[in-house]
Amino acid sequence: MLLKDKVVVITGASRGIGRAAALECAKQGADVVIAHSGRPTGNDAAQSLIIEIQAIGRRAIDVGADSASLDTGELIIHEAVKAFDKIDVFVNNAGICPFHSFLDMSKDLYMQTVNTNLNGAYFAVQAAANQMKKQGNGGSIIAVSSISALVGGGMQTHYTPTKAGLLSLMQSCAVALGEYGIRCNAVLPGTIATDINKEDLADKEKFNYMSSRTCLGRLGVPEDIAGPIVFLASDMASYVTGASLLVDGGLFVNLQ
Ligand code: NAD
Ligand code: RM4
């Protein structure tokens with residue numbers, strides 16, 4: 001029960017890494033706000049997650065709003081406080097990676113990616129931090145960045161800067177918010193099989209290549225990222241701020 005009675009808000013929580021994290025937080029005793037990109041409320045995937053969380057004995061609500069909007073963060077935090085009176089943890093996880101080559105990158109796809117992954121996140125983190133400051137008990141903010149904050153990708157030139165941006169945002173926010181007891185950290189997943197890379201990894205050759213690049217010989221699953229998120233959210237990490245936690249099965253270090 002690492003998160004007993006804490007309120008955890010997670011964006012992009014109806015699927016993939018966010019969903020696994022939401023479920024693990026509930027198992028660890030938290031009430032959860034599931035933010036997602038579907039209809040304002042009543043999204044099917046979110047509803048099924050709410051039912052799973054309630055079965056564990058915890059409370060959950062969903063909030064549907066576009067993470068690319070600079071106002072979405074305030075809306076999510078408002079709904080969270082309305083339902084649960086406070087927030088203790090904010091996990092910025094929503095993101096897209098529409099694989100595309102560089103030389104013909106359109107301005108629209110570039111802006112959609114940067115707005116969804118980084119620009120909305122900036123003001124969501126700000127909204128969460130203001131609420132935590134108001135409460136006066138500190139808090140934990142976690143950005144789901146990526147190994148792609150550290151390395152490039154020829155089909156990810158619009159994406160990797162957003163992940164480096166999130167890592168940098170957590171470092172600067174750790175400085176800006178330390179005086180309020182608000183910790184800010186980044187989780188950097190390696191390659192985790194989810195909807196975001198389903199098409200990319202449908203190429204068997206690429207799937208096998210990416211698997212063999214890891215030290216552990218397999219791609220990650222969303223549950224592999226949930227534990228590290230819970231750790232950073234919990235009081236076990238009370239002296240951890242401005243840190244980044246690479247969770248990649250040894251992909252990054254495996255040069256030769
Ligand atoms: P996913 O596609 O399963 O989940 C993405 C989530 O983001 C979904 O819940 C989706 O609804 C939400 N989202 C997307 N666009 C949104 C929008 N406009 N408004 C609100 N929500 C929106 O993929 P995932 O792998 O679980 O990705 C979660 C995060 O993890 C992303 O930020 C991604 O960059 C990051 N990440 C993933 C991997 C990986 O290999 N899967 C690796 C490193 C980092
Ligand atoms: C990650 C990393 C993975 C990729 C996903 C979409 O940051 O680059 O390899 O599959 O993004």
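Every number for a ligand or one of its atoms is a count from 1 in the order of the listing. The chain is numbered in sequence order, starting from 1. Everything numeric in this text was worked out from a predicted model, so none of it was measured.
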Considering only heavy atoms, which of Ile17, Asp248, Thr72 lies nearest to atom 37 (C) of ligand 1?
Ile17
Are any non-hydrogen side-chain atoms of Pro222 and Ile192 less than 4.5 angstrom apart?
yes
On a heavy-atom basis, the closest approach of Ala129 and Ile182 is O-CD1, 3.7 Å
For atom 4 (C) of ligand 2, the protein heavy atom that lies nearest, with its residue and separation
Gln156 NE2, 3.8 Å
Full working for side-chain hydrogen bond (donor to acceptor under 3.5 Å, both in side chains) between Arg19 and Ser48
CA-CA 11 Å; Arg19 188 184 185 97; Ser48 73; 2.8 Å; yes
In this structure, atom 7 (O) of ligand 2 is nearest to the protein heavy atom Ser146 OG, 2.3 Å
For ligand 1, which atoms have a heavy atom of Gly95 less than 4.0 angstrom away?
5 (C), 7 (O), 14 (C), 31 (C), 32 (O)
Are side-chain heavy atoms of Asp200 and Lys206 found at a separation under 4.5 Å?
yes
Counting only heavy atoms, which portion of Ile96 has something under 4.0 Å from ligand 1: side chain, backbone, both, or neither?
side chain
Heavy-atom closest contact (Ile147 atom, Gly190 atom, distance)
CG2-CA, 3.8 Å
Does any non-hydrogen side-chain atom of Thr113 lie less than 4.5 Å from one of Pro98?
yes
Close-contact set for ligand 2 against Ile196 heavy atoms, below 4.0 Å
6 (C)
As an exercise, identify every atom of ligand 1 less than 4.0 angstrom from a heavy atom of Thr191.
40 (O)
Looking only at heavy atoms, is any part of Arg19 under 4.0 Å from ligand 1, and if so is it the side chain, the backbone, or both, or is it neither?
neither
Ile192 and ligand 1 - part of the residue with a heavy-atom distance under 4.0 Å:
both
So, for Ala83 and Ile61, which heavy atoms are closest and what is the spacing to 0.1 Å?
CB-CD1, 3.7 Å
Residue-level breakdown please: for Ala65 versus ligand 1, do any non-hydrogen atoms fall below 4.0 Å on the side chain, on the backbone, on both, or on neither?
backbone
Beyond-backbone contact of Met170 with Asn92, side-chain heavy atoms, under 4.5 angstrom:
no
Tell me which protein heavy atom sits closest to atom 3 (C) of ligand 2, plus the residue, atom name and distance to 0.1 Å.
Thr191 OG1, 3.6 Å
Should you measure from each heavy atom of Tyr159, which atoms of ligand 2 turn up under 4.0 Å away?
1 (C), 7 (O), 11 (O)
Give the residue, atom name and distance (to 0.1 Å) of the protein heavy atom nearest atom 24 (P) of ligand 1.
Thr194 OG1, 3.4 Å
Show me which atoms of ligand 1 lie under 4.0 Å from any heavy atom of Ser67.
16 (C), 17 (C), 18 (N), 19 (N), 20 (C)
Proximal ligand 1 atoms for Ser145, defined as those under 4.0 Å from one of its heavy atoms
43 (C), 44 (C)
Test the Lys204-Phe207 pair against the cation-pi criterion, namely NZ or CZ under 6.0 angstrom from the six-membered ring centroid and within 45° of the ring axis.
yes
Atoms in ligand 1 flagged as close to Gly16, the criterion being non-hydrogen separation under 4.0 Å:
3 (O), 26 (O)
Looking only at heavy atoms, which two atoms of Gly165 and Leu118 are closest? And how far apart?
C-CD1, 3.8 Å
Answer side chain, backbone, both or neither: which part of Lys163 comes under 4.0 Å from ligand 2, heavy atoms only.
neither
Go through ligand 2 atom by atom and flag the ones less than 4.0 Å from a non-hydrogen atom of Asn197.
10 (O)
Sub-4.0 Å atoms of ligand 1 with respect to non-hydrogen atoms of Asn93:
28 (C), 29 (C), 30 (O), 31 (C), 32 (O)
Measure across Phe231 and Ala237 and return the closest heavy-atom pair with its distance rounded to 0.1 Å.
O-CB, 3.3 Å
Going by heavy atoms in the side chains, are Leu177 and Ile141 under 4.5 Å from each other?
yes
Using a strict 4.0 Å cut-off to heavy atoms of Asn197, name the atoms of ligand 1 that fall inside it.
39 (C), 40 (O), 41 (N)
Heavy atom under 4.0 Å from ligand 1: found in Ile196's side chain, backbone, both, or neither?
both
Tell me if a side-chain donor or acceptor on Asn185 pairs with a main-chain N or O of Ala243 at a distance below 3.5 Å.
yes
Please identify which atoms of ligand 2 are closer than 4.0 Å to at least one heavy atom of Ser148.
1 (C), 2 (C), 7 (O), 8 (O)
Protein contact of atom 8 (C) of ligand 1 - nearest heavy atom, named by residue and atom, plus distance:
Arg15 NH2, 3.6 Å
Checking side-chain polar atoms at under 3.5 Å, does Ser101 have a donor or acceptor matched by the opposite partner on Asp104?
yes
Which ligand 1 atoms does Asp66 reach within 4.0 Å, using its non-hydrogen atoms?
17 (C), 18 (N), 19 (N)
